2 protein chains.
Amino acid sequence: MKAAVQSIEVKEAILDATDRFLSNFGYKKMTIDDLAREVGIGKGSIYLHFSSKEEIALSHIDRIVERVKEQLEAIAKSAVSDEEKLRQMLLARVLLRFDSVQHYKQSLNDLLAGLRPKLLARRKQYFAEEAEIFAKVIKEGQVKEEFQKENAVKLAEIFLLATNSLLPFSLTTQELGERREIEEKTLRVADLLLKGLKKV
Amino acid sequence: MKAAVQSIEVKEAILDATDRFLSNFGYKKMTIDDLAREVGIGKGSIYLHFSSKEEIALSHIDRIVERVKEQLEAIAKSAVSDEEKLRQMLLARVLLRFDSVQHYKQSLNDLLAGLRPKLLARRKQYFAEEAEIFAKVIKEGQVKEEFQKENAVKLAEIFLLATNSLLPFSLTTQELGERREIEEKTLRVADLLLKGLKKV
DNA sequence: CTATTGACTAATTTTGCATTTCAGTCAAAC
DNA sequence: GTTTGACTGAAATGCAAAATTAGTCAATAG
């Protein structure tokens, strides 16, 4: 079991280093040799954890989204109203992503230009998974007769869609604007959406 | 006056040709010589209408947004309810842009990669202008006591923000999805936003 | 015996340089 | 007064040699 724990720690360390290299140099200039040296393991050992360089970059993005999803689940389980949960969840999905790439000099889209098709495919998957979590909370609100009773997953997708332009994908956080502006905009959108959701 | 009309026709013809070259070859491969030959005028004459190649590409985008704004104004003046106006306007801003770049093989963002800073600056301006038109309609609804009475411009900005991820900027229309899916998503977002707007 | 490594290779990227192409100008033509 | 296309410096492109790198695997370490 020690070995398994160790293995996960190394994997995390590789992704930590990936974040540093991506933010400073971009995908192309990040080399597997650099990565191995930074983590303090042999180059071949990188391939014990990841099948390719692409897979490393993609896993790094996966990790960010996993963290977002964990945070969403935590909010979904917390002890506030369903309306407040949705508001906090929208804010979390936007700001956690903002904070995760704040130090990047290029947009993810530019950074990972070579992996675009794969990145887009994953993005679609991410949104589907996020939508599931939102849908769960919406359903709870529907059971309590607080929300309108349209298809919960479709409603969840709209919530994501309406905040997607605030995510740092094709724009850098610089280009998106100040963090507190983003926060305010997200809350405003959330407000209108929630009013619409409650309406009978 | 003949000359002035002629001048505008030539300018339009240059932008028409620009659209063809951009969609087929992209910004870099589009040359001023090609453009002049296509329009049937001398190269120097291009510069009687535009100050630079950048300006041509940017004017082409300007023209698309001008057409969107004209359409928005037309809907704003039409004889339907304010709610219906807003719904149609959201649909128009999304679908008119979709149709305008449907034949492009790259996203605008990639196509005009070299002009990104200038393009982003204009985008901001476009949204401000669109927001003004939306705000006008929202104010009318507020006067009729149909809509909630928050700052109309801020509300308008939210309407745009919530549909911005459906615009073909960093994604091609291919990547965005089928036109009718886009249409359906826009209508769903519009629906929720409008319910929220009406709520007291 | 398993886990890890880094020298190795094929493929890709970079470099340096010669050649071509092109954006923008302006004197001449219309 | 308009329009033009030959002209120019700057930028892009092509190309071959050199350098770098992703991924492998036989050797090594534990």
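Scope of the values below: all heavy atoms of this structure, side chains included, with no hydrogens, waters or symmetry mates. The sequence lines fix the lettering, A, B, ..., with proteins before strands; numbering per chain opens at 1. For clarity, every value in this text was computed on a predicted model and none was experimentally measured.
Comparing C:dT5, D:dT4, D:dG23 against the side chain of B:I41 picks out D:dT4 as the nearest. Of the listed nucleotides (D:dT3, D:dG23, C:dT4), D:dT3 has the atom at the smallest distance from the side chain of B:S45.
The separation between B:F50 atom CZ and C:dG24 atom C1' is 15 Å, rounded to whole Å. To the nearest angstrom, C1' of D:dT21 lies 10 Å from CG of A:D34. With rounding to whole Å, B:M30 atom CE is found 12 Å from C:dC22 atom C1'. For the pair B:I32 CD1 and C:dT25 C1', the interatomic distance rounds to 13 Å; values are reported in whole Å. Here the C1' atom of nucleotide D:dT24 and the CG atom of A:D33 are 13 Å apart, to the nearest Å. Atom NZ in B:K29 sits about 16 Å away from atom C1' in C:dT20, given to the nearest Å. Between A:L35 atom CG and D:dT21 atom P there is a gap of 13 Å when expressed in whole angstrom units. Atoms CZ (B:R37) and P (C:dC22) sit 9 Å apart, rounded to a whole Å.
Put simply, the residue from B:L167, B:I75, B:I133 that forms a side-chain contact (heavy atoms from CB on, under 4.5 Å) with B:R93 is B:L167. Screening A:L108, A:L96, A:V101, A:D19 for a side-chain contact (heavy atoms from CB on, under 4.5 Å) involving A:I64 leaves a single residue, A:V101.
Here the straight-line distance linking atom CD of A:E66 with atom CD of A:Q71 works out to 13.5 Å at 0.5 Å rounding.
Side-chain contact check for A:Q142 and A:E146: no donor-acceptor pair (N or O, by modelled atom type) lies under 3.5 Å.
Checking A:Y47 against B:G40, the closest nucleotide of DNA chain D that is more toward the 5' end is the one next to B:G40.
Of the side-chain N and O atoms in A:K43, none sit less than 4.0 angstrom from OP1 or OP2 of C:dT5.
Nucleic acid contact for B:S52: sugar-phosphate only, since backbone atoms but no base atoms lie under 4.0 Å from a heavy atom of the residue.
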